[in-house]
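The block underneath contains the structure these notes are about, expressed in structure tokens.
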Amino acid sequence: MPTRYEPDSFESRWRQRWADAGLFRTRQDPGRQKFYGLDFFPYPSGAGLSVGHLRNYIPTDVLCRMKTMQGFNVLHPMGWDAFGLPAENEAISRQTKPGPMVREYADVYKRQMNLVGIGYDWDRELNSSDPSYYRWTQWIFLLLYERGLAYHGDYPANWCPVDKTVLANEEVEGGLCWRCGTPVEKKVLKQWFFRITEYAQRLIDDLDTIDWPEGIKMMQRNWIGRSDGVEFDWDVIEHPGAKFRVFTTRIDTVYGATFCVLAPEHPLVQTITTPQQKPEVDAYIARSKLLSETDRLATGREKTGVFTGAHAQNPFTKQPVPIFVADYVLMDYGTGAIMAVPAHDERDYDFAVRYDLPIVQVIKPSSGETPTLPFTLEDGELVSSGAHSGLRCADAKKKMAQELQAEGRGASRVNYRLRDWLISRQRYWGCPIPIVHCETCGIVPVPKDELPVLLPDVDHYQPTNTGESPLAGIEQFVLTSCPKCKGVAKRETDTMGGFACSSWYFFRFCDPHNAHAPFDSNLVKYWMPVDCYVGGAEHAVMHLLYARFWTKVLFDAGMVPFNEPFQVLRNQGALLASTPYRKPRENETLKTGEEGIQISFEEAKALPADQVFWRWARMSKSKGNVVTPDEGVARYGADALRVYELFEAPFEQTIQWSDERVMGAVRFLSRTFKLASEIRPSYDPDWRTAVQSAKLEKADRDMRCLTHNTILKLTDDIASFKFNTAVAAMMEFLNGIADYAKRSPNTAVISEAIETFILLLSPIAPHTADELWEMFGKEGFTLRQEWPAADDALLRSDTVTIVLQVNGKTRGNIEAPAGAERTHLEQLALNHEKVRQHVGQSAVKKVIVVPDKLVNVVAE
RNA sequence: GCCCGGGUGGCGAAAUGGUAAACGCAGGGGACUUAAAAUCCCCCGGGGCAACCCUUGCGGGUUCGAGUCCCGCCCCGGGCACCA
């Protein structure tokens with residue numbers, strides 16, 4: 001029997017046996033509870049996995065393995081987010097076809113996942129670019145269309161000139177394309193949208209019902225951006241009958257509204273601009289059209305605008321105020337027009353200062369201080385506000401909204417920042433949109449029984465720069481007949497963005513081979529919602545928002561009986577690798593945020609040491625700092641890799657790859673083998689009966705106490721994602737058993753300990769657990785064993801350490817029988833030498849006794 | 001600027017308001033070995049010969065007792081950022 005951890009000698013053998021036995025095939029016994037553990041749907045990139053990705057997969061696997069042993073029916077599937085931009089771009093640069101390429105890469109991912117013993121049910125493997133899958137993506141598109149939630153329209157959308165496609169708002173980060181970092185441009189194109197805005201309120205409200213990281217919930221709330229305000233009309237003085245609506249959240253400040261601003265695109269601008277001002281206004285509008293999104297968003301940009309020559313009447317003060325056009329007002333939020341209150345709004349203040357407009361303070365802070373303007377807090381009362389003066393801000397808001405409503409001039413109104421989800425992409429590699437454009441019938445959905453609309457297999461699929469998908473150039477695809485009138489018609493040639501495919505895959509896993517429907521409602525009802533969803537935090541407002549939206553649509557359609565797909569969400573921390581950089585040379589410049597030029601490990605070796613510095617960076621192929629699972633397993637073993645990643649730090653924390661620390665995991669597993677081999681000869685498989693009749697000494701009872709406390713600790717820690725302390729508890733357990741083994745251990749007690757140890761180790765280091773299990777003469781797999789149960793009666797030791805304090809300072813401790821009387825403990829404390837020494841001549845004021853814990857003597 | 005997380009030994013970290021630093025890494029000393037590796041044993045926050053004293057970013061507070069709770073700051077990481 002081996003006395004140390006030699007992974008090469010047994011790990012691959014167990015993986016083979018697991019596969020042969022179909023160990024991870026989903027079980028659906030009636031009468032058992034279900035558990036659905038899911039990892040984010042990955043795009044299998046050609047770079048393959050790094051040990052960094054395993055921080056996602058290993059913890060979910062540990063949890064699913066424990067749940068299996070606890071008797072749950074566990075669904076733990078994996079599949080491939082194969083459609084979309086990343087796959088297509090990679091295929092273009094490799095001059096190959098995306099379909100076969102992704103399948104090849106997926107096989108690599110699959111092999112690497114298996115290599116570290118992740119227990120996926122591969123019978124349920126999905127590929128979103130497979131017609132048997134995207135047929136149902138199209139089906140759900142049509143469901144949205146039927147329900148009025150998909151529409152086709154002209155909108156100035158975000159266009160990425162490098163990827164040559166439009167992007168959803170969620171895919172634009174600070175004015176840059178989230179994939180390639182190119183500044184996006186506005187381009188007006190006919191686009192497909194999903195009406196996610198209709199679900200805005202539900203998407204906010206239901207966040208309260210799910211167990212997600214607070215940060216992610218907050219990002220979603222911010223992204224949806226609810227704001228409560230009032231919408232009301234302003235009359236244009238020079239044009240009787242002409243009026244415009246403004247939206248404001250601060251109607252209480254309306255007496256300080258000294259001008260109004262219209263967005264450059266506002267339709268009224270043309271009507272009201274005076275001939276005198278027209279040249280200037282037209283020039284301004286022309287200029288603002290030329291501005292890119294990035295320029296318009298640039299922070300600290302000076303506010304600009306021009307006077308239209310027209311005035312509006314402030315409905316509260318009845319005073320005329322000038323109307324400006326300015327690009328700091330956006331046409332697609334609120335009404336595209338605002339009332340400007342420079343005294344109480346920073347943007348309006350900046351504008352007023354620049355154009356020398358009156359600034360009238362109408363809110364007095366409740367602190368009583370004279371505020372520096374702009375004063376934007378709502379903690380105050382109204383002044384110089386006619387009949388409304390003296391009201392507190394909150395009360396004024398309510399009252400003034402009611403008055404506007406009564407006059408028929410306006411109403412309370414809720415606005416959301418969220419925009420509809422732009423789904424069409426002018427790219428080849430995506431799910432075709434199942435729509436036909438007919439000259440007589442217009443937009444016609446492809447009948448559901450004619451799905452899927454197959455993506456043609458072509459050799460040339462490079463994106464065009466025309467705003468049309470390359471599919472538009474493929475006649476066999478485009479030309480079709482209208483499903484309604486049978487006349488000549490053209491297919492929609494845009495494809496769906498990748499996020500459509502990943503918005504429902506978790507349903508498909510419940511019923512992956514269904515040829516008649518996207519899924520069987522009963523199966524989804526059984527497995528869903530997902531009990532634990534694990535992935536990186538970068539999808540906070542993309543995938544996670546879209547998936548929630550689709551789930552609600554399916555709920556409304558009566559297809560699923562719940563509103564939220566992911567009951568529990570957890571984000572794993574990143575794994576960083578030490579990466580070499582050098583100082584820039586002459587004529588080299590650094591981009592902002594860069595500290596140096598990233599170099600290869602070879603270059604780092606070749607350069608003199610003082611020219612190289614090391615920083616922690618995410619593992620990526622381009623940085624050359626990747627450790628692959630293959631390398632990790634070859635060097636240290638799969639179980640050591642698992643133990644290391646679980647133990648290094650809390651699950652959600654970023655960690656730094658360290659060979660030395662992985663060696664710590666190797667040592668732990670080696671000590672495990674050593675101890676197991678020492679105990680093996682005296683192991684008694686019938687310890688359960690023997691332990692009942694045995695006469696146990698205190699050391700024996702303490703050993704059992706540790707065994708049962710460790711069961712409790714592991715069960716709780718794994719369930720609550722505290723894998724680092726779970727591993728630490730196993731190390732303590734091992735040390736405890738080793739110490740006990742050195743004395744004259746009771747055979748039954750040590751047999752119980754080692755057997756329990758092996759089973760508790762199973763989710764964390766499954767190869768090792770199964771190997772030891774077999775060495776102990778057992779049949780089958782540890783995954784098929786029952787998870788140990790802690791015996792409550794054994795959790796408490798019969799003696800406890802009582803801490804003795806004088807005035808809150810620890811002065812010693814005593815051993816006392818558990819459950820000793822308070823008065824008894826008090827006496828023991830007062831008689832203790834150290835305590836008496838520190839109390840000295842002082843009078844004892846009182847004594848605090850915490851049973852089984854501590855005695856604190858309070859003295860003068 | 002706003003909103004979330006975090007600041008504890010040389011390092012990663014642990015701690016239901018109850019002995020701060022469990023568990024591990026690195027380091028030091030020793031055993032075994034011809035030697036090295038591996039392994040095993042001991043030490044390992046700071047000060048002090050000791051009794052003891054000090055120590056969880058900083059300053060206050062609550063409490064018999066605070067890393068933990070409350071108030072006010074400082075620093076680091078992440079997200080959002082003209083949304084009226």
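First the proteins, then the strands, lettered A, B, ... as listed; each starts at 1.
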Distance-only donor-acceptor test, [X] side-chain atoms vs [N] base atoms, 3.5 Å:
X: A/K303; N: B/C82; answer: yes
X: A/Q805; N: B/G18; answer: yes
X: A/R661; N: B/C11; answer: yes

For [N] versus [M], give the span between their [atom1] atoms, rounded off to a whole number of Å.
N: B/C25; M: B/G18; atom1: C1'; result: 30 Å
N: B/U56; M: B/G9; atom1: P; result: 10 Å
N: B/A13; M: B/C80; atom1: C1'; result: 31 Å

Should [N] form a Watson-Crick or G-U wobble pair with both distances under 3.5 Å, which nucleotide is its partner?
N: B/C58; answer: B/G72
N: B/G18; answer: B/C64
N: B/G12; answer: B/C23
N: B/C80; answer: B/G1

Nearest listed nucleotide, side chain of A/N813, among B/G79, B/U19, B/A51: B/U19

Integer-rounded Å distance: B/C80 P and A/I216 CD1: 11 Å

Interatomic distance where CE belongs to A/M663 and C1' belongs to B/G12 [whole Å]: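 So the two atoms are 17 Å apart, to the nearest Å.
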
Anti/syn call for B/G45, syn if |chi| within 90°: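 Glycosidic conformation of B/G45: anti.
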
Sugar-phosphate only, base, or nothing, as touched by A/R419 at under 4.0 Å among non-hydrogen atoms: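 Base contact - A/R419 has a heavy atom under 4.0 Å of at least one base atom.
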
Sugar-phosphate only, base, or nothing, as touched by A/G215 at under 4.0 Å among non-hydrogen atoms: sugar-phosphate

Ionic contact status for A/K713 with A/E732, cut-off 4.0 Å: no

N or O in side chain of A/K846 less than 4.0 angstrom from B/C64 OP1/OP2: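 Looking at the OP1 and OP2 atoms of B/C64, one of them is under 4.0 Å from a side-chain N or O of A/K846.
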
